[in-house]
Each structure stands twice: as C-alpha cells, then as structure tokens.
4 protein chains.
Amino acid sequence: MVSVGIIGGTGYTGSELLRFLVNHPKFDVEFATSRSEEGVEIGEYIPSLRGLVDDEFVSPDSSLDADLVFTAVPHTKAMNYVPSFLERGIKVVDLSADYRLPFGVYEEVYEVEHCDVGRKAVYGLTELHRREIKKADLVANPGCYPTGAIFSAYPIKDDVDRILFDSKSGISGAGAKPSSASHFPNLDGNLNPYKVTTHRHQAEMKMVLGGEVHFTPHVIPVVRGIMTTTHVFGCDVDDVKGRYEEFYSGCRFIRVYDDVPKLSSVRGSNYVDIGCFSQEEGRVVIVSAIDNLVKGAAGQAIQNANVMMGLPEDLGLKAIPLSP
Amino acid sequence: MVSVGIIGGTGYTGSELLRFLVNHPKFDVEFATSRSEEGVEIGEYIPSLRGLVDDEFVSPDSSLDADLVFTAVPHTKAMNYVPSFLERGIKVVDLSADYRLPFGVYEEVYEVEHCDVGRKAVYGLTELHRREIKKADLVANPGCYPTGAIFSAYPIKDDVDRILFDSKSGISGAGAKPSSASHFPNLDGNLNPYKVTTHRHQAEMKMVLGGEVHFTPHVIPVVRGIMTTTHVFGCDVDDVKGRYEEFYSGCRFIRVYDDVPKLSSVRGSNYVDIGCFSQEEGRVVIVSAIDNLVKGAAGQAIQNANVMMGLPEDLGLKAIPLSP
Amino acid sequence: MVSVGIIGGTGYTGSELLRFLVNHPKFDVEFATSRSEEGVEIGEYIPSLRGLVDDEFVSPDSSLDADLVFTAVPHTKAMNYVPSFLERGIKVVDLSADYRLPFGVYEEVYEVEHCDVGRKAVYGLTELHRREIKKADLVANPGCYPTGAIFSAYPIKDDVDRILFDSKSGISGAGAKPSSASHFPNLDGNLNPYKVTTHRHQAEMKMVLGGEVHFTPHVIPVVRGIMTTTHVFGCDVDDVKGRYEEFYSGCRFIRVYDDVPKLSSVRGSNYVDIGCFSQEEGRVVIVSAIDNLVKGAAGQAIQNANVMMGLPEDLGLKAIPLSP
Amino acid sequence: MVSVGIIGGTGYTGSELLRFLVNHPKFDVEFATSRSEEGVEIGEYIPSLRGLVDDEFVSPDSSLDADLVFTAVPHTKAMNYVPSFLERGIKVVDLSADYRLPFGVYEEVYEVEHCDVGRKAVYGLTELHRREIKKADLVANPGCYPTGAIFSAYPIKDDVDRILFDSKSGISGAGAKPSSASHFPNLDGNLNPYKVTTHRHQAEMKMVLGGEVHFTPHVIPVVRGIMTTTHVFGCDVDDVKGRYEEFYSGCRFIRVYDDVPKLSSVRGSNYVDIGCFSQEEGRVVIVSAIDNLVKGAAGQAIQNANVMMGLPEDLGLKAIPLSP
C-alpha cells in the first residue's frame with residue numbers, strides 16, 4: 001500500500017479526493033489537514049462520508065508523513081508546503097496553480113511573487129504528459145478550464161488560425177465558501193460570464209496550445225461540470241473527428257463521438273467526453289465535457305499519482321457517471 | 001398623491017416594494033434608506049430597476065418625511081423607527097416581526113426585550129382584518145409563512161381537531177445575504193427542513209387560528225414562493241371547498257379552486273391560490289400557494305397601505321403572475 | 001380602444017401576449033384561438049390568468065374580426081392566416097418565421113414552399129426599423145435569438161471582421177410541449193448546445209448584419225431569457241461602449257452599461273440589457289440579455305403593434321423585471 | 001460468478017442497475033432487454049455507459065438464461081415474466097409493484113386483475129426482512145416512497161397514535177419518459193403535490209407499519225432523492241433517537257444521526273440517512289433521505305440479490321454519495 005496525505009481536506013477538491021481515496025485499492029489515506037477544522041471528525045464535517053472516514057482533520061503544522069501528498073490549497077499557499085515534502089522524499093501532486101506556469105508568467109498572471117522559483121515540476125494533463133509524469137516528483141495538476149479546453153483542441157492545434165473557448169462551468173468550481181456569485185437567488189435562472197477576456201487559466205491554455213487562443217468563462221446554474229464550446233477558425237484538417245479518434249486511441253478516460261456530450265454523461269467520473277465536430281465555412285465547433293471536480297481536479301490528481309507510483313492509471317477511478 | 005418612504009431599501013423586501021411602487025398610480029416614493037449604500041443610485045444597486053429609479057439611497061438618520069412609511073428592516077431594528085414616525089403623524093406598515101405578537105409572547109419567542117411595549121398595532125392579513133386596518137396608524141405586516149398557512153386553514157379553524165402546516169419555501173425568504181443555506185451547491189438538488197418544531201412564525205399561526213397548530217418549514221431549491229401543505233385532522237365540515245369559496249368571496253386576491261395550486265401561478269403577484277381539498281378517513285389536505293416576497297411581504301404591505309389611505313385595495317398590485 | 005386578436009393562444013407566446021394585453025390601456029382582446037382547446041376557458045387553461053380572462057378559446061375557423069391580429073402559430077401555419085386578415089384591412093404582427101426572410105432564403109432555410117410569396121412585410125426589430133413599422137400593415141416579428149444577437153452587434157457591424165454569437169437560451173424557447181430536451185432530468189445539471197453551425201436564425205442575423213456571422217445556440221437549465229456572448233474579431237472602433245450609448249440613446253427599452261447583464265435584470269420585461277465591452281488583443285466581447293418570451297417574442301410584438309397603431313411605443317409594456 | 005439478467009434495461013431503474021452491476025465483483029450481466037431498442041448498443045443508448053457496456057439490448061422474447069433476473073418493467077408487465085423464470089429455477093428480484101401486496105389488496109389498489117395470484121414472494125426491505133430474503137426465490141423490491149417512509153418510522157411504530165409521511169421526491173421517480181409533470185418550465189421554480197391522499201404506495205406503508213398511516217407525496221425540482229418528513233403524533237417513547245440507533249445497529253447502509261439529513265449526502269448511494277428527532281408537545285418529527293433510484297430501487301434490488309445468493313450484503317454497492 002501507498003500512504004497518501006491531503007493538505008487542505010475541507011474544500012470541494014479535498015472532499016472529492018477523499019471520495020475516491022476511500023475506495024482506492026492501493027492508496028491509504030494517512031492524514032487530511034485543516035487548520036479551521038482541526039480535531040473535527042471528517043465524517044462529521046462531510047456528511048456524505050459519515051461512517052466511512054472516522055479520522056479527524058489534523059493541523060497542517062503537525063508532523064506529517066506519507067509516500068505522496070496532494071496539496072489542495074489555494075495558490076500562494078501550496079508553494080509553502082511543497083518544498084519540505086520534496087526534500088523529505090515525499091512525492092507531491094499540487095492541485096493549486098503554483099507550479100503550472102513558467103515562473104515569470106506565473107508572477108505576472110497571478111500578480112504575486114513565487115517563493116520557490118526554479119523548482120522543476122511537470123504539468124500533468126495525464127494523457128498528454130504521461131511519460132514525464134512517470135518520472136516526476138512534483139506534478140502540477142492542471143486547472144479545471146484548461147483541462148476541458150486543451151483536450152478539446154490539442155489534436156488539431158497546429159492546423160488552425162485561431163481558437164476560441166467559450167466555457168460554461170458549474171458553480172462548484174468557485175469553492176465551498178458562500179459568496180454573492182454562489183447565492184442561490186443570484187445564480188438560479190441566471191448565468192454569469194466573468195473575466196471574459198482576462199481569466200488566468202488562459203495562460204495555461206496558451207502555454208500548451210500556442211498560437212492565437214481566446215477564452216471566455218461563464219458560470220451556469222449547475223453544480224458540477226464544465227462544458228467547453230470550442231470554436232476553431234481556419235482549420236485545415238480533412239477528417240477532424242478521425243484525427244481525434246486516432247490521437248486519443250488507447251486513452252481510457254477520453255471518449256470521442258459524434259453527438260454533443262452531456263455533463264451528466266461524465267458527472268462524478270474521470271471521463272473527458274469530446275464530440276460534435278460540426279463544420280461550416282470557416283469554422284469548426286468541437287464540444288467537450290468534464291466533471292470539474294474529477295478530471296478537472298481530484299480525479300486527474302489521483303490519475304497522476306497512479307502514474308507516478310507505477311500503478312495502473314485508472315486504479316480507484318472506475319466510478320461510473322451518475323446519470324440522470 | 002401620497003408620499004411614501006422605505007426604511008431598508010436594499011433587502012429583497014425593499015426592492016420588491018420599489019418594484020411595485022415605481023408603477024403605483026397614487027404612491028410617490030419619497031425616499032428609500034440604506035446605511036451601507038447611502039449615496040448609491042438605487043438603479044445601480046438593483047440592476048433590474050436601472051433607468052427606473054434615479055434617486056440615491058439616503059441615510060436612515062437623515063430627516064425623513066412622508067405620509068406613510070414601510071419599515072423593511074429586521075426585527076428589533078424596526079421598533080426603533082416606528083415610534084418617531086407615528087409621533088409625527090406618519091402612518092407605518094411594519095414588515096418586521098416587531099408588532100405582530102402580543103408583547104409578552106414576542107419577548108419570549110424572539111428572546112429580546114421590546115422597547116416599545118404597549119404600542120397599539122393591527123395585525124394585517126388584509127382580507128381578514130380589513131376593517132381594523134382601515135382605521136390603523138400602525139399595521140404589523142404578517143410573516144410570509146403565516147400568510148400562506150393562515151389563509152389555507154382559517155375558514156374551517158373552528159371545526160377541526162388539529163392542523164399541521166408542512167410548508168415549502170423558496171430561499172429568497174432567507175434574504176439577500178449569502179449564507180451556507182443559500183450556497184448554490186448546498187441547495188440545488190436538495191431541500192432543507194429547518195427549525196422543524198421551533199420556528200417563530202408558529203406563534204403567529206397559533207395567535208390567529210387558536211387550537212392545536214403544528215408547523216414545519218422547509219427550504220426548497222426555488223427562489224420565490226411558499227407552498228403550504230395543510231393537513232387537517234378531525235375536520236367536521238361537509239363541503240370544505242364550498243366553505244372556502246363562500247368565505248373568500250369578494251376577495252380579489254384569493255382564488256379558490258379544485259386543482260393543486262402552483263407557485264408559478266402566483267409568481268410575482270399578490271395572489272393567494274388555495275386548492276386541492278382532498279379527503280380521506282380522518283384527514284383533509286388543503287394546499288395554498290403565495291409569492292413570499294409579494295403577498296408574503298411587499299405586496300400585502302402595499303395592499304394594507306392602500307386600505308389605510310382609503311384607496312382601492314388592489315391599486316398598483318395588478319401585476320399578473322409570471323408563468324412559466 | 002383598439003381591438004386585437006391572437007391566433008394561437010395556448011403556446012408560451014400566446015399566453016405571454018395575454019399577460020401583457022390584459023392590462024394594456026388601449027388594446028382590447030377580442031379573441032384568442034385554439035383548435036385543441038376550443039371552448040375551454042382561458043383562465044382554466046392558463047392558471048396564472050385565472051380570474052383575469054373569462055373568455056373561452058375560439059376556433060381559428062370561426063369568423064374573426066379585430067383591428068390587429070397577432071399570429072402566434074408555428075412557421076408554415078402563419079402564412080395561411082395572414083393574407084385573409086390583410087385583405088380585410090386587419091393589420092398583422094406575425095410572430096412566426098414566415099415573413100422574416102426574403103422568400104428565396106426562407107424556402108431554402110426552412111425547406112418548405114412559401115404559399116404567399118411576394119407579400120410585403122417589414123422586419124420588426126422595433127428600435128432599428130421604427131419608421132417602416134409605423135407604415136406597415138404586416139410586421140414580421142424577429143426571432144428570439146436574432147433579437148438578442150443583432151442588438152448586441154448592430155452599432156459596430158460595419159467596423160469588424162467577424163462576429164460570433166455564442167448564445168444561451170432558457171428552455172421556454174422550445175415551447176410548451178414536453179420533449180426529451182425539456183425533460184427535467186435531461187436538462188437539470190446539464191446544458192445543451194444544438195444545431196451548433198446550422199440554426200435557422202443565423203439567416204436573420206446575416207440578413208441584418210451582413211459580413212461574416214457565426215452563431216451557436218445552447219439551451220441552459222433556465223426557464224426564461226437569452227444571454228448572448230458576442231465575440232467580435234478585428235474591431236476597429238475606439239470607444240465601443242460610447243458608440244452603443246450614442247446609437248441607442250432615446251431607446252426606452254435598451255439599457256447600455258459597463259457590467260455584464262443578468263437574465264434576472266430583464267426577466268418578465270421588454271428590456272434589452274447590453275454590457276461588458278471587454279477587450280483584448282484582436283477581440284471584443286459584448287454581452288446582451290433579453291427575456292426570450294418578451295422582447296424576444298410577445299413584448300416586441302406589442303411594441304410593434306403600438307407603433308403600427310400610432311401609440312406610444314411602451315404602452316402596456318411597463319412591467320418591471322422580476323428580480324430575484 | 002453469478003450470471004444476472006435485466007428485463008427492462010432502458011428505464012432509469014434499468015440503467016441504474018447497469019451502473020452498479022458493471023463494477024459488481026460477483027455478478028456478470030448476461031443480458032438486458034428492451035423491446036423498442038432491440039439491437040441497439042447499450043452504451044449508445046445510455047451515454048454515461050459508453051465504452052463500459054458493449055452489448056446490445058436483446059428482445060425480451062428471446063431465450064434468456066441467468067442465475068438471477070431483475071424485472072424492471074412497469075406493474076402488470078412483470079407478472080408475465082416472473083412465473084417462467086421461477087419455473088426454470090431462476091431467482092427473481094421484481095422491482096415492479098406486482099408482488100408487494102397481498103393479492104386482494106393489490107387488485108383493489110392497482111385496479112387490475114393479477115394473473116399470478118398465489119405466488120409466494122418476500123417483501124424485501126433488506127434490513128427488516130433479511131432472514132426471509134435469504135431463503136426466497138422471489139423478492140418483491142419495495143416502492144421508493146415506502147422505503148424512505150417505513151425506515152423512518154419502523155422502530156417506534158407500535159408506540160404511536162398516528163403517522164403522517166409528507167414526502168418530497170425528485171422527478172426521476174416518474175421515469176425517463178417526458179411528460180407534462182417533467183417538463184422543465186413546469187417543474188423548475190415549482191413543486192407539485194399529487195395524489196395527496198390516494199397514492200398507491202400508502203398500501204405498502206400500512207401493510208408493514210399497521211395503525212393509522214397517512215401519506216402525501218410531492219415532486220420537487222430535483223432529479224434524485226426522496227426526503228420524507230415523518231410527523232408522528234402521540235409518541236410514547238422516551239429516547240427516540242436511542243431507539244433508532246439500537247434498532248439499526250449493524251445495518252451498514254442505515255445511518256442515524258442528530259442533524260437533518262440531506263439528499264446530497266445519499267446521492268448515488270445505497271444509504272438511508274435518518275435524523276432530526278425533533279419534539280414538541282404532541283409531535284415528533286423524524287426526517288429520512290434516500291436516493292430513490294438506489295436504495296429506493298436498483299441498489300436495494302442488488303442488496304437483496306446479494307442476500308439471496310449468499311453474498312455479503314454490500315457487494316458492488318460501495319459507491320460513495322456524490323456531494324456536492
């Protein structure tokens with residue numbers, strides 16, 4: 001068995017990690033930390049886990065040991081934990097943004113100083129970077145929007161003029177803390193475009209895809225899932241769908257098909273569903289669906305951890321989408 | 001024209017008062033107060049009113065004059081405003097709980113001291129207390145749950161053994177401030193029974209109905225509306241529906257029919273829809289629907305103000321339900 | 001008083017026309033037709049109108065007279081009613097697609113033969129075609145998507161390279177008849193891009209805007225409203241917002257502002273809210289919000305009828321948005 | 001391995017059976033039938049299962065063999081399949097209502113003639129009837145409402161005067177076929193009490209609980225889950241919660257606690273969460289939550305099948321609730 005720990009167990013990403021790890025055949029949860037809920041039984045705090053996790057949240061300042069640690073804390077926090085784990089030979093999957101970008105880009109986009117500049121990390125879209133992940137001690141788990149977006153455009157990225165991602169996300173991406181944006185009367189019956197030309201995740205997309213990349217996110221009145229409507233201009237590929245099928249052949253979690261994907265067809269699972277491939281003069285539309293908390297966060301993190309530990313990629317990730 | 005003012009213009013009740021008052025043919029909004037948003041243009045703060053209300057929120061401490069004032073602030077706050085208005089000959093419709101109950105009951109139920117004990121107020125379920133309202137200077141506007149519940153049971157209250165109100169409310173009743181209860185991921189796909197035997201509104205229901213009255217509220221994943229499922233035991237009435245039709249005949253805002261009412265059939269309007277009247281051995285079920293922000297708050301307040309000023313009861317309240 | 005009739009009173013457009021006409025100070029509803037519900041009291045069929053409309057639906061085959069008729073039936077049906085009304089001097093606002101496009105384009109896009117080719121109609125985006133509407137006997141009321149889209153791009157249409165409308169619509173646009181798309185478990189927690197490069201409304205947009213126009217519609221889990229995210233490429237305008245403010249100055253129902261509009265800020269009303277105006281290298285994003293059943297259908301139809309009858313444009317259309 | 005078959009694979013119950021059986025360590029799906037979708041690949045019809053189930057639906061008329069069969073077809077249909085399976089030594093878990101009630105009661109309540117009168121079946125609320133289920137060849141899987149209701153009242157059933165179940169169900173209980181009740185604009189923003197004193201499931205509740213039992217179901221704008229608010233009158237028990245804890249001790253799927261349960265805490269899982277236990281003069285309120293498609297249908301069916309085959313009760317049922 002591999003012992004794993006979670007830094008930041010009370011957020012949605014933390015609880016989603018726990019949901020998968022509780023039934024993982026090779027990973028044992030050694031600890032989950034929370035500063036505010038220290039000493040509280042995990043199953044009391046997350047009622048869906050009642051009876052399943054008897055342990056208590058521990059302080060992140062206590063002495064923590066494990067073979068691998070998931071850091072599920074906000075950016076700028078993670079970079080304070082990562083170095084000490086690595087120095088003690090503990091592998092890390094970081095779910096924050098702290099190690100995703102070149103450090104110069106990071107400091108510009110996130111407008112903070114990085115305290116661990118120079119650290120070597122592997123950006124971990126598992127299906128695209130499997131070989132590097134296998135050898136990595138530190139994997140930067142991609143953002144939720146970039147995951148849905150990059151997979152939907154990668155196979156044709158070098159044969160197009162311009163890509164526009166018009167993304168629609170469930171509100172769980174904004175976290176477990178109530179806010180004006182997550183206030184039910186504000187979101188129900190509405191949808192909210194935000195940071196329409198300035199979202200930070202755009203930098204990840206540009207880093208991986210290159211070329212002219214535009215991105216506009218929306219929050220929709222849905223809890224889980226990101227649907228990305230990918231508008232591609234000047235696409236010079238004959239059989240777009242064929243290109244995707246070939247490119248993703250053998251990828252257990254990526255399903256390519258004709259129809260438009262549905263969020264419910266991936267809900268609660270690690271799948272990326274890609275479909276549509278509709279064409280008109282000058283434009284191709286591709287649509288992808290992921291669960292933002294799974295393939296967009298906790299699921300891909302475990303997938304990466306599996307690869308880092310030399311285990312089958314899908315271990316503990318066989319949850320079937322909850323539909324309806 | 002009658003000049004009216006609003007104490008507490010930024011809450012849902014305040015903005016709903018404005019929605020109706022802007023088009024009211026006889027009421028002129030003289031002021032709307034807000035301590036936190038003083039100086040902010042009303043239409044900037046409430047985007048649905050953009051272009052319709054150019055005035056700014058004023059401080060509640062400024063000198064305020066009007067013929068009638070709506071106090072739309074939380075209980076314990078309202079009682080600080082009411083006396084000075086009344087002393088200056090300004091009529092008041094208080095939308096808080098401060099003047100609804102006998103003062104002794106109030107202090108017990110709300111666990112606070114009342115600073116205006118002895119003040120004479122009329123409890124204002126308009127259709128039941130029209131005559132007293134006409135002569136009143138201070139009307140205590142009923143709670144949202146009691147409005148839906150009392151109307152659904154009043155005509156048979158003296159011919160039953162026991163009444164149980166199982167009420168389902170939209171979350172707007174909890175106000176405009178984000179909270180854990182209103183956090184979209186917590187409410188969507190869920191419903192939340194709360195204070196199942198201890199909600200304060202039960203005291204209003206008992207005050208008006210007498211006898212054995214039980215009440216359990218739930219919040220459902222809906223913005224507006226309260227549906228009350230009224231379970232009546234030991235009912236000794238032959239033609240229940242007939243009793244209601246007769247009792248409410250001539251009431252412009254109360255519609256009695258056979259079907260089960262729908263929230264969408266009253267949404268945005270001042271109607272009380274009452275229906276169902278289903279019977280089995282020992283039990284009758286009656287169902288009522290109101291819009292909690294209209295007949296359950298701002299609409300009934302304006303209806304009461306109309307009566308107090310000698311105007312037709314439905315003036316400015318002709319908004320037709322928004323369905324679908 | 002002007003007498004008006006409705007062909008097709010049981011759909012969402014028909015009931016929305018009734019909601020506004022019931023309180024319209026100058027229009028009198030003479031009849032509303034329904035083949036399937038002939039003889040049924042309107043208020044029984046549409047419970048939100050109970051007590052407000054006592055008349056019964058009449059057969060569309062009965063003898064019908066009025067000063068102006070709204071045809072709210074599907075395309076291919078409307079063209080069968082329109083000629084006979086016009087011949088008898090009855091003005092018509094047609095809410096179907098039958099008279100919106102040049103007849104050749106219509107027959108190609110809708111893949112049917114038109115039986116009234118050559119008839120002269122005015123395309124009725126009121127704010128853009130007011131002068132022609134004033135003199136028209138037949139106004140083709142625009143589609144819901146084109147209304148939201150065209151207003152969001154018109155003021156800069158001649159100064160851009162390419163326009164992409166990524167639109168998100170409430171499901172009420174699909175009508176009152178249950179379908180797989182409107183099945184609650186299929187839509188809740190989901191959103192559905194459809195006809196992503198082939199929607200018929202694209203032809204209307206191209207007709208009015210000219211140039212390179214792309215359009216992708218989505219259905220979101222919301223009842224009312226269309227939000228259009230307008231991505232404009234190659235825009236050669238310095239002060240985009242200023243251009244819009246100037247262009248729409250004096251338009252009572254068009255509100256231009258900085259923020260991103262919300263569907264709830266126009267819900268139930270005839271407003272078009274336009275905002276955002278966010279810019280990055282190569283792209284401008286503009287966002288518009290309308291209520292698809294009001295400005296996108298019944299409201300604009302009444303606005304056009306007002307203009308045709310020489311009445312103030314906003315008569316009977318003063319309903320304030322229902323928010324929250 | 002145990003080979004199992006499904007009669008009726010295209011409904012929500014059928015697809016939910018498949019979701020669990022695909023990962024069940026001891027059950028092998030031999031066949032799933034569908035008359036209308038015969039020959040269609042299961043993963044094409046149920047996109048969430050794409051890539052997981054390559055088989056096609058087969059005709060229910062083809063020759064079908066298995067160790068155990070789940071009949072997931074409507075009542076009156078199931079009784080036509082059950083006898084022939086039993087005669088061939090194939091065990092059956094029937095998810096319809098056909099074998100739940102004494103035959104006389106069944107014919108009265110469902111207003112049809114039963115064609116298999118006299119057949120011996122065991123009513124299968126697993127935790128209450130485990131011993132009989134172990135020896136049964138035919139288990140009648142309980143209704144969704146009775147499952148949530150009976151568990152919430154059983155431990156005190158002999159010490160009360162009267163029980164009233166006010167139940168709130170997600171719409172998935174009404175099936176996969178679109179209807180007026182499931183039409184998004186009809187359900188969103190609404191809730192629908194129906195058959196408020198006449199629902200057929202009441203007969204099951206009375207059969208198991210005895211005494212005075214009332215039941216009123218509502219559909220809420222939620223996909224999955226049933227919350228039952230159980231109002232108990234005349235309860236003569238000192239420590240109600242203690243009674244439940246003791247009664248259900250050792251039941252792996254029943255969790256008893258103080259708080260009010262949430263639907264999201266059982267979503268997608270086989271749990272029954274029971275809590276609240278709030279008391280006032282004359283009344284106790286108990287609240288239970290289940291997933292109607294799991295513990296209320298497919299999950300309990302598999303739990304029963306496990307028991308019938310001598311396997312651990314929770315085999316293949318370890319799915320953790322999906323929250324949020």
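In what follows, chains are A, B, ... by sequence order, proteins preceding strands, each numbered from 1.
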J.: Counting only heavy atoms closer than 4.5 Å, note whether Asp188(C) contacts chain A via side chain, backbone, both or neither.
T.: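 Just its backbone gets close to chain A.
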J.: Return the option, out of Val284(A), Val223(A), Val260(A), Leu164(A), with the maximum number of heavy-atom pairs under 4.5 Å with chain C.
T.: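 The option with the most such pairs is Leu164(A).
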J.: Within a reach of under 6.0 Å around CD of Glu246(A), are more than 12 heavy atoms found that belong to other residues, nucleotides or ligands?
T.: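 At most 12 heavy atoms, drawn from other residues, nucleotides or ligands, come within 6.0 Å of this atom.
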J.: Measure Asn190(C) against the heavy atoms of chain A and call it side chain, backbone, both or neither at under 4.5 Å.
T.: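 Contact with chain A: backbone and side chain both.
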J.: With rounding to the nearest 0.5 Å, note down the distance linking CG in Asn192(C) to CG in Leu263(A).
T.: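 Rounded to the nearest 0.5 Å, the CG-CG separation comes out at 8.5 Å.
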J.: Determine the minimum heavy-atom distance between Val196(C) and Arg283(A), stating which atoms define it.
T.: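 Minimum heavy-atom contact is O-NH2, 3.1 Å.
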J.: Within a 6.0 Å radius of atom CG on Asp238(C), are there more than 12 heavy atoms belonging to other residues, nucleotides or ligands?
T.: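 Counting other residues, nucleotides and ligands, CG of Asp238(C) stays at 12 neighbours or fewer.
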J.: With side chain to side chain contact (heavy atoms under 4.5 Å, CB included) as the test, pick out the partner of Lys168(A) among Thr229(C), Ile220(C), Asp166(C).
T.: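 Filter result, single survivor: Asp166(C).
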J.: Please check if the side chain of Lys262(A) supplies one atom and the backbone of Asn186(C) the other of a donor-acceptor pair under 3.5 Å.
T.: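 The answer is yes, because a donor-acceptor pair under 3.5 Å joins these two groups.
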J.: Report yes if some heavy atom in the side chain of Glu280(C) is under 4.5 Å from a heavy atom in the side chain of Gln202(A); otherwise report no.
T.: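 Yes; the side chains approach each other to less than 4.5 Å.
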J.: Quick check for you: among Ser278(A), Pro324(A), Ala289(A), Pro185(A), which has the greatest number of heavy-atom pairs under 4.5 Å with chain C?
T.: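 Highest number of pairs under 4.5 Å: Ser278(A).
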J.: Please identify, among His214(C), Glu212(C), His218(C), Arg224(C), the residue contributing the most non-hydrogen atom pairs under 4.5 Å to chain A.
T.: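 Counting heavy-atom pairs under 4.5 Å, the top option is His214(C).
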J.: Once you round to the nearest 0.5 Å, how far does CZ of Arg162(C) lie from CZ of Arg162(A)?
T.: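 So the gap between those two atoms works out to 5.0 Å.
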J.: Should His231(A) and His231(C) count as side-chain neighbours, where that means a heavy-atom distance under 4.5 Å?
T.: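 No; the side chains remain at least 4.5 Å from each other.
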